[in-house]
Amino acid sequence: MADARIQFKGLKGFPATEQDKIETQAFLNASKEIVTVIETFGKLFTPVIKDMNGNINKLTKVYGTDVLKYNYLEDMIVLNVNVDDYASTALLWLKRGLQLICTFFENIYNDAQRKEALKPHLQDAYEKTLKPYHGFIVQSTIKIIYSWVPTRSQLLGQGPAQLENIEVLTNYLPTMRTHLDRIDALLKAHNLDDASKV
């Protein structure tokens with residue numbers, strides 16, 4: 001039986017969402033875990049990995065300047081409104097990358113036919129999340145990258161391994177989605193959701 005490239009049970013995941021605010025360190029740790037998930041997709045996904053790591057590093061740098069002041073992600077953004085958009089821009093692009101991955105796995109999770117080909121799920125996720133912010137050249141590059149997404153069995157394993165991954169996603173994805181929706185609302189509330197293309 002082929003081993004799954006991803007084992008979601010090994011991830012700590014995003015912190016519980018009962019609190020009013022998102023803990024910066026826990027969020028950054030969960031984001032790093034998502035990057036390790038993307039690494040299992042293959043070398044062609046290196047540009048996506050680099051971009052997400054770059055934004056995680058920027059946020060980590062700002063957090064490191066005052067860990068008490070920026071204990072919560074919301075404070076890091078709100079306290080810098082009209083001062084410096086370094087952290088908010090990094091969070092905006094990290095959020096978009098995470099939305100792509102979250103939507104991709106939601107599509108896989110909700111696919112009742114459990115189709116092996118995952119490219120349509122990734123294309124759909126890209127169109128819903130990142131495509132509106134990408135110019136023609138970036139879109140063309142992304143199309144090539146996404147043609148090489150592994151199959152369902154390669155990513156999630158077969159038989160019991162796949163079932164276990166799907167079972168873990170039952171709780172993992174809604175928690176991740178809650179965080180992304182909160183960040184989305186935060187950025188929009190402060191007019192930091194820049195829609196310009198790259």
Side-chain angles (χ1 to χ4, degrees), residues 4-8 11-15 17 22 27-42 44-56 59 73 90-135 138-157 162 165-188 192-195 197-198:
R5 290 195 196 178
I6 305 170
Q7 291 184 325
F8 278 99
L11 306 181
K12 285 185 179 156
F14 288 83
T17 50
I22 298 168
F27 175 77
L28 293 172
N29 290 345
S31 299
K32 284 178 196 165
E33 285 185 336
I34 290 295
V35 173
T36 65
V37 166
I38 303 168
E39 283 168 353
T40 67
F41 291 11
L44 269 176
F45 285 80
T46 301
V48 182
I49 294 159
K50 270 189 169 171
D51 185 65
M52 289 183 77
N53 271 333
N55 290 316
I56 290 168
L59 290 166
L73 202 54
L91 183 61
L92 175 65
W93 283 102
L94 177 59
K95 177 211 66 157
R96 287 171 177 168
L98 291 170
Q99 282 174 324
L100 168 78
I101 301 305
C102 190
T103 306
F104 173 54
F105 280 106
E106 283 170 346
N107 288 348
I108 293 171
Y109 182 84
N110 293 321
D111 181 2
Q113 295 171 325
R114 296 187 183 172
K115 289 191 280 291
E116 273 296 301
L118 300 181
K119 185 183 170 186
H121 292 322
L122 195 52
Q123 277 178 325
D124 173 75
Y126 175 65
E127 280 170 21
K128 286 177 180 169
T129 57
L130 280 171
K131 190 178 178 182
Y133 312 107
H134 282 168
V138 179
Q139 285 183 27
S140 304
T141 308
I142 295 285
K143 267 184 193 167
I144 297 163
I145 295 170
Y146 289 172
S147 297
W148 293 91
V149 66
T151 64
R152 176 185 274 263
S153 295
Q154 286 172 330
L155 271 191
L156 300 179
Q162 186 175 135
N165 264 323
I166 291 293
E167 194 177 320
V168 175
L169 286 176
T170 306
N171 293 318
Y172 188 97
L173 291 174
T175 307
M176 183 178 180
R177 176 60 66 191
T178 300
H179 277 77
L180 297 177
D181 288 348
R182 276 190 184 184
I183 292 165
D184 200 43
L186 172 74
L187 294 169
K188 282 177 177 159
L192 297 168
D193 197 11
D194 183 5
K197 292 178 188 265
V198 293

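Along the sequence shown, residues are numbered consecutively beginning with 1.
Counting all heavy atoms, side chain and backbone alike, P47 lies closest to I145 at CG-CD1, 4.0 Å. Nearest heavy atoms, L59 versus A90: CG-CB, 4.0 Å. Across all their heavy atoms, D111 and H121 have their closest contact at OD2-NE2, 3.1 Å. Between V149 and L118, the shortest heavy-atom distance links the atoms CG1-C, 3.9 Å. Scanning all heavy atoms of the two residues, the minimum distance from R5 to G42 falls at NH1-N, 4.5 Å. Of all non-hydrogen atoms in S147 and K143, the two that sit nearest each other are OG-O, 2.9 Å.
For NZ of K50, the number of neighbouring non-hydrogen atoms (other residues, nucleotides, ligands) closer than 6.0 Å is 12 at most. Under a cut-off of 6.0 angstrom, the local environment of CD in Q139 is crowded, with over 12 non-hydrogen atoms contributed by other residues, nucleotides or ligands.
Here A30 pairs with F14 under the side-chain contact (heavy atoms from CB on, under 4.5 Å) rule; sequence neighbours left out.
Ring geometry for Y126 against H134 counts as tilted: the plane angle lies between 30° and 60°, on a 0 to 90° scale.
Taking CG of L91 as the reference point, atom CG of L187 lies at 5.0 Å (rounded to 0.5 Å).
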Quiz prompt | Step-by-step ring-ring contact (aromatic ring centres under 6.0 Å, His included) determination, F41 to F104 | solution = CA-CA 12 Å; F41 291 11; F104 173 54; 5.7 Å; yes
Inset, instruction - Applying side chain to side chain contact (heavy atoms under 4.5 Å, CB included), run through Y133 and V198 and close with a yes or a no. - result: CA-CA 6 Å; Y133 312 107; V198 293; 5.7 Å; no
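Comment: R177 does not engage D184 in a salt bridge, judged by the lack of any side-chain N to carboxylate O separation of less than 4.0 angstrom.
Applying the side-chain hydrogen bond (donor to acceptor under 3.5 Å, both in side chains) test to pairs two or more places apart or on separate chains, those with a residue in residues 28-38 are Q25-N29.
For the pair F105 and I34, the minimum side-chain heavy-atom distance is 4.5 Å or more.
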